[in-house]
Each structure stands twice: as C-alpha cells, then as structure tokens.
Enquirer: 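Provided herewith is a single structure, encoded as structure tokens, for subsequent inquiry.
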Amino acid sequence: MSAKINNHFGRTAAKYTASESHARGADLTTLLERLPLCQTDIVVDIATGTGHTALAVAPCVARVVGVDSVSAMIREARILARDRGIANVTWVRSDAASTGLASASFDVVTCRRAAHHFADVTAFLAESRRLLRRGGTLGIVDQIPPENGAAAELTEGMEKLHDPSHGCALPASEWARIVEAAEFETRFSHVIEDRVSLEQFVSTARDPAVARSQVDRQLDRATSSVLNDIGFVVCENRVRSFIKRRLVLVARRR
Ligand SMILES: C[S@@+](CC[C@H](N)C(=O)[O-])C[C@H]1O[C@@H](n2cnc3c(N)ncnc32)[C@H](O)[C@@H]1O
C-alpha cells in the first residue's frame, strides 16, 4: 500500500466520517438513483473509506462488502455502521486492484470518490469486472479535471496540495474510453458540479495555511480563461471558490 495514502487517510479518517459532502453529496444521491439495486443483490464497495456509500446502499440490498486499504478508515466505517444499526455490511482490508474476493460473486461494484488515488485504474477496472457476474453493474463516481489541458494542470496541481495522496484524476472522455476498453457498456454518465470554497478545500491539508498560500500562488499564475474554465469566484482580489466536477458513471459488465 502507498505510504502517502496510509498517512493521509490514517490522519484524516474522522474528518471523512463527519463530512457532510461525503455522507450526503448529490453524487451519492445520483449514484443510488441510477444503480439498478434489488433486495437480493450482493454489492462490493471498493475504497469504501468510512463507509458512506456502502451504508447508503445497504438498506436496498441483501449484503455489502466494503473494501479499503487503510485500517483507520475501516475502523471508522465499523463504528458508523454500528451507530446506524446497519448489520448487513462486512469490511475487508485490501487493495482495489487485487481484493482477494471470489470471482463473479457480486451483482454490483461501487467505487465513489476514490479512483484518483489508485496507482492503476485499469487494474481496478479489470478487478471490478472479475468480481461481477455477467450483466452485473459497475457504479463509479470520481472527480474529473477539465478536458482543457492548462485548466486540468491547474486543478490537478491544486488537488495535490490539498491532498498529498492524490494520484491522477481522469477527464470524462478518458473514463468513457477505459470503461469500454475494460468490456463494460456505459448506461449512464453525468457530471455533477459542486461549488467549493478554497477555505474548505485546504482544510484537510496537513497545514491548511501553507496549502492555501501555495494554491494562491498557482492561481496567481493562471490565465483568466483557465480561471473561467474552472468557475473561480474572485472577491477583493482573492479567489474564494471554484467548481469541482464529479463524474457519475454506471456501466454494465459485458
Ligand atoms: C475519499 S475516500 C472514499 C470515500 C468513500 N468511498 C465514500 O463514499 O465516502 C478514498 C478512500 O480510498 C482508499 N484507497 C485509496 N487507494 C486505495 C487502494 N489502492 N485500494 C483500496 N482503497 C484505497 C483510501 O484509503 C480512502 O479510504
């Protein structure tokens, strides 16, 4: 497991439990609306974090397995499940690219707000395909950079300052390509926009004040067309917020 991922999520696990955006974001509502869940389904939630997606899916299905590589996150997920009285979820510490779970044993694979951390997204897609029965459903949510290269470079740079475990977010066009290449058929694809204040954005950094000044320096260097592309709002000569985009993608295993 990557030390950066272990350090970041080991340190911030409780923040993810408490995060309103993680617990109730519009991306989660959309994913739940678009997944064809039924009461007999067995679901695996990859990179489950503190379990917000697994616990939201659990009442709609027979059983959920939440997988994450960081034990501090799984510990938080167990507490959240107990507090909410949800008993049909089990937790496994494992890697997204190689879970060790049985082949073709799931009806649905979910993975929300995590793929940008993975060292190899293609390996994660291959693992998801292996875990699903034929005709099963893959539901992914992940942040996406703009398709425009300069704007993407800026948002990716900012993401790395806010979260040192950030790997690489893929644009929507690349997701469409790799999901099809992994032998899934896309059934639903939708981008959700969220306005995020910079103050909130840097709050999970190890030192929010340092992260904020580094982000400000990156923003100072950006052209106005790049800033417009990302929906930045400037007030009193200081950027206050920007638009974060997330892709919700639902695909069927061929
Ligand atoms: C933002 S959290 C996930 C949020 C969660 N899915 C939800 O809906 O609230 C990202 C998670 O990805 C996990 N993660 C990162 N790389 C991973 C990998 N290669 N295998 C498994 N989990 C991984 C981290 O440990 C962290 O818990």
Side-chain angles (χ1 to χ4, degrees), residues 1-35 43-58 60 64-81 83-84 86 89 91-101 108-128 130-131 138-144 159-160 162-170 192 194 196 200-201 203-205 244 246-250:
M1 186 207 335
S2 143
K4 277 186 181 173
I5 288 183
N6 204 26
N7 290 343
H8 176 73
F9 289 104
R11 184 174 61 76
T12 56
K15 282 193 185 171
Y16 283 96
T17 307
S19 160
E20 274 295 306
S21 161
H22 275 78
R24 273 177 272 281
D27 57 316
L28 180 55
T29 313
T30 303
L31 180 66
L32 289 174
E33 282 168 2
R34 295 295 172 159
L35 286 174
V43 178
V44 57
D45 183 42
I46 308 259
T48 196
T50 58
H52 290 302
T53 302
L55 296 173
V57 165
C60 312
V64 182
V65 179
V67 172
D68 202 280
S69 57
V70 176
S71 44
M73 297 298 263
I74 290 184
R75 229 177 359 256
E76 288 284 326
R78 280 207 176 93
I79 294 170
L80 206 54
D83 290 352
R84 293 197 198 161
I86 295 178
V89 186
W91 311 98
V92 173
R93 186 172 163 218
S94 196
D95 193 273
S98 165
T99 59
L101 300 170
V108 176
V109 171
T110 53
C111 181
R112 172 172 173 254
R113 298 193 182 191
H116 57 278
H117 295 290
F118 299 165
D120 186 347
V121 176
T122 305
F124 149 71
L125 288 174
E127 178 69 354
S128 300
R130 185 187 71 77
L131 293 172
L138 171 66
I140 293 174
V141 176
D142 205 22
Q143 58 177 262
I144 50 168
E159 290 292 346
K160 286 185 175 129
H162 134 92
D163 171 1
S165 70
H166 181 94
C168 173
L170 302 176
I192 296 202
D194 235 350
V196 178
Q200 173 199 337
F201 182 70
S203 66
T204 52
K244 186 150 178 166
R246 292 191 180 90
L247 178 69
V248 181
L249 191 149
V250 176

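The chain is numbered in sequence order, starting from 1. Order of appearance sets the numbers: ligands from 1, and atoms from 1 within every ligand. Values below: all heavy atoms of this structure, side chains included; hydrogens, waters and symmetry mates excluded.
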Enquirer: Any nitrogen or oxygen of Thr53 lying under 3.5 Å from a nitrogen or oxygen in ligand 1? Just yes or no.
Expert: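 Such a contact does occur with ligand 1.
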
Enquirer: In plain terms, say whether Lys15 and Glu76 are close enough for a salt bridge, that is, a side-chain N and a carboxylate O under 4.0 Å apart.
Expert: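 Salt bridge: no.
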
Enquirer: Any donor and acceptor pair, going by atom type alone, linking the side chain of His116 with main-chain N or O of Gly167 inside 3.5 Å?
Expert: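 Side chain of His116 to backbone of Gly167, a donor-acceptor pair under 3.5 Å: no, none is there.
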
Enquirer: Step through it carefully: locate the ring centre of His52, locate the ring centre of Tyr16, and say whether they are under 6.0 Å apart.
Expert: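 No.
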
Enquirer: Have a look at ligand 1 and work out which part of Leu28, if any, has a heavy atom under 4.0 Å from it: side chain, backbone, both or neither.
Expert: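 Looking at Leu28 and ligand 1, no heavy atom falls under 4.0 Å.
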
Enquirer: Would you call Arg246 and Asp142 a salt bridge, using N to O less than 4.0 angstrom?
Expert: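 Answer for the salt bridge query: no.
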
Enquirer: Could you check atom 10 (C) of ligand 1 against the protein and tell me its nearest heavy-atom contact, residue, atom and distance included?
Expert: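 The closest one turns out to be Phe9 CZ, 3.7 Å.
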
Enquirer: In terms of atom number and element, which parts of ligand 1 are under 4.0 angstrom from non-hydrogen atoms of Val70?
Expert: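 Heavy-atom distances to Val70 below 4.0 Å select 25 (O).
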
Enquirer: Please state which protein non-hydrogen atom is closest to atom 23 (C) of ligand 1 and give its distance, to 0.1 Å?
Expert: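 In this structure, atom 23 (C) of ligand 1 has Ser69 OG, 3.3 Å as its nearest protein heavy atom.
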
Enquirer: Heavy-atom count check: over 12 atoms from other residues, nucleotides or ligands less than 6.0 Å from Arg130 CZ?
Expert: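 Yes, CZ of Arg130 has more than 12 neighbouring heavy atoms, counting only those of other groups under 6.0 Å.
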
Enquirer: Are Arg93 and Asp68 close enough for a salt bridge, meaning some N to O gap below 4.0 Å?
Expert: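 Result for this pair is no, no salt bridge flagged.
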
Enquirer: Look up atom CG in Asp27 and atom CD1 in Ile140, then write down how far apart they are to the nearest 0.5 Å.
Expert: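 Between atom CG of Asp27 and atom CD1 of Ile140 there are 13.0 Å.
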
Enquirer: Would you kindly specify which portion of Ser94 sits under 4.0 Å from ligand 1, judged on non-hydrogen atoms: side chain, backbone, both or neither?
Expert: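 Within the 4.0 Å criterion, Ser94 contacts ligand 1 through backbone atoms alone.
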
Enquirer: Mind checking whether Asp95 contacts ligand 1 via backbone (N, CA, C, O), side chain (CB onward), both or neither, at a 4.0 Å heavy-atom cut-off?
Expert: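 Both backbone and side chain.
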
Enquirer: For atom 5 (C) of ligand 1, what is the nearest protein heavy atom, given as residue, atom name and distance?
Expert: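 Looking only at protein heavy atoms, the one closest to atom 5 (C) of ligand 1 is Thr48 O, 3.3 Å.
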
Enquirer: What's the shortest distance from atom 16 (N) of ligand 1 to any protein heavy atom, and which residue and atom give it?
Expert: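 Closest protein heavy atom to atom 16 (N) of ligand 1: Ile5 CD1, 3.4 Å.
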
Enquirer: Any sub-3.5 Å donor-acceptor pair from His117's side-chain atoms to Ile5's backbone N or O?
Expert: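 Side chain of His117 to backbone of Ile5: no pair is present.
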
Enquirer: Distance to 0.1 Å, residue and atom name: give those for the protein heavy atom nearest to atom 12 (O) of ligand 1.
Expert: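 Among all protein heavy atoms, the one nearest atom 12 (O) of ligand 1 is Ala47 CB, 3.4 Å.
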
Enquirer: Nearest 0.5 Å, what's the CZ-CD1 distance between Arg84 and Ile79?
Expert: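 Atom-to-atom, Arg84:CZ and Ile79:CD1 are 12.5 Å apart.
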
Enquirer: Check ligand 1 against His52 and write out every atom of the ligand that is under 4.0 Å from a heavy-atom position of the residue.
Expert: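 Every atom of ligand 1 under 4.0 Å from some heavy atom of His52: 9 (O).
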
Enquirer: Which of the numbered atoms in ligand 1 are below 4.0 angstrom from a heavy atom of Arg112?
Expert: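 The list of qualifying atoms is 3 (C), 4 (C), 5 (C), 6 (N), 7 (C), 8 (O), 9 (O).
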
Enquirer: In terms of atom number and element, which parts of ligand 1 are under 4.0 angstrom from non-hydrogen atoms of Gly49?
Expert: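 Heavy-atom distances to Gly49 below 4.0 Å select 27 (O).
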
Enquirer: Is Asp68 in polar range of ligand 1, meaning some N or O pair under 3.5 Å apart?
Expert: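 Indeed, backbone or side chain, Asp68 has an N or O that close.
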
Enquirer: Is ligand 1 under 4.0 Å from a heavy atom in the side chain of Tyr16, in the backbone, in both, or in neither?
Expert: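 Only the side chain of Tyr16 comes within reach of ligand 1.
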
Enquirer: Would a distance-only check, ignoring hydrogens and angles, find a side-chain to backbone donor-acceptor pair under 3.5 Å from Ser94 to Ser98?
Expert: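 Such a contact is found between Ser94 side chain and Ser98 backbone.
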
Enquirer: OG1/Thr110 to CG/Leu35 distance, rounded to the nearest 0.5 angstrom?
Expert: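 Those atoms lie 7.0 Å apart.
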
Enquirer: Say whether Ala96, considering both its backbone and side-chain N or O atoms, lies within less than 3.5 Å of an N or O atom on ligand 1.
Expert: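 Among all N and O atoms of Ala96, at least one is under 3.5 Å from an N or O of ligand 1.
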
Enquirer: Counting each atom of ligand 1 from 1 as listed, which ones have a heavy atom of Arg113 under 4.0 Å away?
Expert: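 Every atom of ligand 1 under 4.0 Å from some heavy atom of Arg113: 1 (C), 3 (C), 10 (C).
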
Enquirer: Would you check if the side chain of Arg112 reaches a backbone N or O of His22 as a donor-acceptor pair within less than 3.5 Å?
Expert: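 Confirmed, Arg112 side chain pairs with His22 backbone.
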
Enquirer: Just distances here: any N/O of His22 and N/O of ligand 1 closer than 3.5 Å?
Expert: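 In fact, backbone or side chain, His22 has no N or O that close.
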
Enquirer: Any nitrogen or oxygen of Met73, main chain or side chain, under 3.5 Å from a nitrogen or oxygen of ligand 1?
Expert: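 No: no nitrogen or oxygen of Met73 is under 3.5 Å from one in ligand 1.
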
